[in-house]
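Read the numbers this way: they start at 1 and go in the same order the structure lists the ligands and their atoms. Quick caveat, the model's predicted, so the values are computed rather than measured. Residues take their numbers from the sequence shown, with the count starting at 1.
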Amino acid sequence: MQLPAPRGPLTERLFAELARPPHGFGPPPAGPYGDRHSNQHGDRHCDRHCDRHGDPCFGDEDAQLALFVCYELHYQGFDGVDDRWEWNPSLLALRERLETWFEGWLARRVPRPPAPPSREVPRALAALVAADDGPSLSAYLRSRANTAQFREFVVHRSIYQLKEADPHTWGIPRLLGRPKAALVEIQSDEYGGGRPERMHAELFRATMRGLGLDDSYGAYLGLVPGVTLAISTVMSLFGLHRRRRGALLGHLAAFEMTSSLPSRRYSQGLRRLGGDAGARRYFDEHVQADAVHEQIAAHDMCGAFAAEHPGLTGDILYGAACALTLDRLFAEHLLGRWREGRTSLRETDAEVTVR
Ligand SMILES: [Fe+2]
Ligand SMILES: [Fe+2]
């Protein structure tokens, strides 16, 4: 994967450092993640696109991309970036500042649900999911989206789906016993149960090819806005910090619990637009798989983890709430842009459409 174009002074500086061999560098000057000012959204600094277009605020594009890139060093890395940057102390110091900014960004948007007693966790997760009243992106894609919009949706989703399940895998060595077995059971399905062609990331690549899109990892990183990056970044944040393992499990549970029905609708929408069985298989697979995964995630994984760690039930619910909120922000962004007849991708000077 290539480093994308910078989105401001922070990523300009970071990408210039990454292009060189690993070395120590001072933190970039107070930037979007700094302490300069607040705006009406309560952010310390708001995305320029937000001011210009009046979009909902997704935090600063520059900071979102910087943090995403810092985390990506733990996954596939970037062409021309030395692998040793992954554990470079200066890089990690910058990442920590960005994480503090991002955690604050999340905290302002996601009210912390009350911590339930351990035995109530599966029920509390179900109630949280049932109370979610965000707009239905899947209903729109099923019956109204045109092909260009469906392709945009798949471009956004490719940022996470081409590494589907990887961020939650960080949780495996942080668990013991029943919750660990449950997480491994889910992840094993996500990774195709030993059959590479059944890996969910591979099925998603087939969907991309069916829509005439580039299925290579990270091909569209430069085109997606901050809200799309945040969907992946929150999983890496929870996955890479052991203290956040409760939130990681709650996040996965919410993900699984809100996947089966929308996946059916995505498949129906793609069929309406002429997508063949191979292109639809990713969604069809999730209708079945996630109906099972949601039970495993809520009861065997989160329920058992809560019984072992009664002090972390609030974290489980918070992780789930973060997943639901980001999903809602994502849906609002796409539907809002489409309602205005605009692309939901970044309207940079160079590229407005998916080629
Ligand atoms: Fe999956
Ligand atoms: Fe799943």
Side-chain angles (χ1 to χ4, degrees), residues 75-76 122 125-126 128-129 132 137-138 141 153-172 175 178-211 215 217 228 231-232 234-236 238-239 245 247-270 275 277-305 316 319-320 322-324 326-327 330:
Y75 297 97
Q76 304 299 324
L125 283 168
L128 199 64
V129 167
D132 183 45
L137 185 58
S138 61
L141 286 162
F153 164 70
V154 169
V155 163
H156 285 283
R157 291 274 301 253
S158 71
I159 301 303
Y160 168 64
Q161 251 65 44
L162 294 184
K163 61 165 175 257
E164 185 164 333
D166 289 347
H168 297 105
T169 299
W170 300 122
I172 294 173
L175 302 175
R178 204 169 146 219
K180 182 176 196 145
L183 177 54
V184 170
E185 184 178 0
I186 293 170
Q187 298 301 84
S188 174
D189 277 354
E190 304 290 342
Y191 291 129
R195 295 170 61 185
E197 73 281 6
R198 297 198 59 177
M199 291 176 70
H200 290 183
E202 289 302 316
L203 297 179
F204 196 80
R205 292 180 70 205
T207 300
M208 296 188 79
R209 290 192 298 274
L211 285 162
D215 67 349
Y217 188 90
T228 305
I231 285 173
S232 283
V234 75
M235 297 183 225
S236 298
F238 293 161
R245 64 200 186 284
L248 181 74
L249 301 188
H251 182 284
L252 178 57
F255 224 66
E256 300 291 353
M257 294 166 86
T258 53
S259 168
S260 183
L261 178 62
S263 291
R264 185 188 303 279
R265 293 179 180 151
Y266 298 140
S267 179
Q268 289 167 339
L270 193 48
R280 297 197 314 267
R281 184 155 171 228
Y282 173 85
F283 300 117
D284 293 337
E285 175 78 16
H286 282 81
V287 175
Q288 297 293 330
D290 286 348
V292 178
H293 291 171
E294 82 171 77
Q295 298 301 322
I296 301 171
H299 295 273
D300 302 336
M301 188 178 75
C302 289
F305 181 78
I316 297 172
C322 285
L324 296 172
L326 282 167
D327 225 38
F330 176 67

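When ring centroids are compared, H251 and H168 come within the 6.0 Å threshold. Taking the six-membered ring for Trp, Y282 and Y266 have ring centres at least 6.0 Å apart. You'll find the ring centres of H200 and F204 outside the 6.0 Å limit.
Atom OG of S267 and atom CZ of R281 lie 12.0 Å apart (nearest 0.5 Å).
For E256, the N, O or S atom with the smallest separation from the Fe ion (ligand 2) is OE1.
Around the Fe ion (ligand 1), the protein N, O or S atoms found under 2.8 Å comprise E164 OE2, E190 OE1, H200 ND1, H286 NE2.
Counting only heavy atoms from C-beta outward, the side chains of F283 and R264 never approach each other to under 4.5 Å.
Partners of D189 by salt bridge (charged side-chain N to carboxylate O under 4.0 Å, His left out), not counting sequence neighbours: none found.
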